[in-house]
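Taking it in order: structure first as structure tokens, then the write-up.
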Amino acid sequence: MHAHDLHVVAPDTGVTLASIDPQRTPGLSGSKEDERARAEAELADNIEAMKLLQRRLYAEGKRALLVVLQGMDAGGKDGTIRHVLGGLNPQGVEVTSFKRPTERELAHDFLWRVHRHTPGVGMIGVFNRSHYEDVLVVRVHSLVPEAVWSGRYEQINAFERLLAARGTVIRKFFLHISKEEQRERFMARLAEPEKQWKFEPGDLAERKHWDDYQAAYETALARCSTDDAPWFVIPADRKWYRNWAISTILRRTLEEMAPMPPKPDFDPASIVID
Ligand code: ATP
Ligand code: MG
């Protein structure tokens, strides 16, 4: 059994987030301490493998990989980027963080600001939040009428199909933390002077809508997990498990893409350099 199969949301099947324990560590076995040591060793191994594959993806120059990260506040999006993708060649990775849209962005369709940040061939694009905010925070706070947001699931699927047709492989991760874990991470942020800036009093207002967010996520996961662009629900209370699971899935994805540098159109053996 691979983490790949373990966490994927099967297309057209719903998920009940409440039934997925955010502390689970499937795919690893042994005592908790062994698990963690193994996960950390395999993370390092996965990163080494991804480095080589990234270089080939870049050299091949035909396809791209898009990694979408979503989760509640303090869910670990930044940590995932640092620990899983931070070891890759920065020239081949483009990270985009999607914040509240500007006036100019709001004057366009919701995908306008997203499309221009999709990775070009040879690149790995990482979305820290994404177009899914437009069916999450927007739905929870009724920022647009239901008639508008409810049409977006199909629009997102069509958009992702378009990207896939151009050679972009898409992998989407929901970092699934418990409400208790969020409380602990907020408290840790408040207790640590170097982390206090990360805490926003507004985050507590969002926390009050926890159940509404879980429901909005369940709809997005059910309606937008496709063969081209599957969603994965990653148990994320344990950071070492989260990093292991995501790196394992991304490594496998790149291995399946099997990028190859182009063959030179000359015979390297015939070249003489004096
Ligand atoms: P951290 O977890 O470190 O706080 P963050 O991703 O929450 O990072 P912030 O700048 O704190 O970054 O928050 C970005 C905010 O922008 C989030 O509250 C998010 O819901 C909001 N946002 C993103 N996209 C949209 C959108 N399309 N419409 C409305 N709000 C959005
Ligand atoms: Mg925030």
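Ligands are counted one by one from 1 in listed order, and the atoms in each one are counted from 1 as well.
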- Query: When you measure from atom 19 (C) of ligand 1 to every protein heavy atom, which one gives the shortest distance, and what is it?
  - Reply: Glu133 OE1, 3.5 Å
- Query: Is the shortest heavy-atom distance from the side chain of Phe232 to the side chain of Phe174 under 4.5 Å?
  - Reply: no
- Item | Numbered atoms of ligand 1 (with element) below 4.0 Å of Asp134, judged on heavy atoms | 27 (N)
- Item | Any N/O pair Arg129/ligand 1 closer than 3.5 Å | yes
- Message: Within the protein, is there a heavy atom lying under 4.0 Å from atom 27 (N) of ligand 1?
- Response: yes
- Message: Are His131 and Phe159 an aromatic pair, judged by ring center distance below 6.0 Å?
- Response: yes
- Tell me, which protein residue and heavy-atom name are nearest atom 24 (N) of ligand 1, and how many Å apart are they? Arg113 NH2, 3.1 Å
- Item | Glu180 bridged to Arg183 by N-O distance under 4.0 Å | yes
- Please write down residue, atom name and distance for the protein heavy atom closest to atom 12 (O) of ligand 1. Lys99 NZ, 3.2 Å
- Task: Show which atoms of ligand 1 fall inside a sub-4.0 Å distance from at least one heavy-atom site of Lys198.
- Result: 3 (O)
- Query: Under 3.5 Å, side chain of Lys198 to main-chain N/O of Arg189, donor-acceptor pair present?
  - Reply: no
- Item | Side-chain donor or acceptor of Glu105 paired with backbone N/O of Thr102 under 3.5 Å | yes
- Specify the protein heavy atom at minimum distance from atom 11 (O) of ligand 1: its residue, its atom name, and the distance to 0.1 Å. Glu200 OE2, 2.7 Å
- Message: Please determine whether salt bridge (charged side-chain N to carboxylate O under 4.0 Å, His left out) holds for the pair Glu133 and Arg129, giving the CA-CA distance in whole Å, both sets of side-chain angles, and the decisive distance to 0.1 Å.
- Response: CA-CA 7 Å; Glu133 292 292 320; Arg129 300 187 189 270; 3.0 Å; yes
- Note on the structure: protein heavy-atom neighbour closest to atom 16 (O) of ligand 1 works out as Arg100 N, 3.2 Å
- Query: Which of the atoms in ligand 1, numbered in the order shown and given with their element, are less than 4.0 Å from a heavy-atom of Val138?
  - Reply: 28 (N)
- Message: Closer than 4.0 angstrom, basic N to acidic O: yes or no for Lys172 and Glu160?
- Response: yes
- Message: Starting from atom 1 (P) of ligand 1, what is the nearest protein heavy atom, named by residue and atom, and what distance separates them?
- Response: Asp78 OD2, 4.4 Å
- Message: Please check if the number of heavy atoms outside Gln196 that lie under 6.0 Å from its CD is greater than 12.
- Response: yes
- Task: For Asp73, take its heavy atoms, then give the atoms of ligand 1 lying under 4.0 Å from any of them.
- Result: 7 (O)
- Query: Would you call Leu175 and Ile246 a side-chain contact if the rule is heavy atoms closer than 4.5 Å?
  - Reply: yes
- Taking atom 30 (N) of ligand 1 as the reference point, the nearest protein heavy atom with its distance: Val137 CG1, 3.5 Å
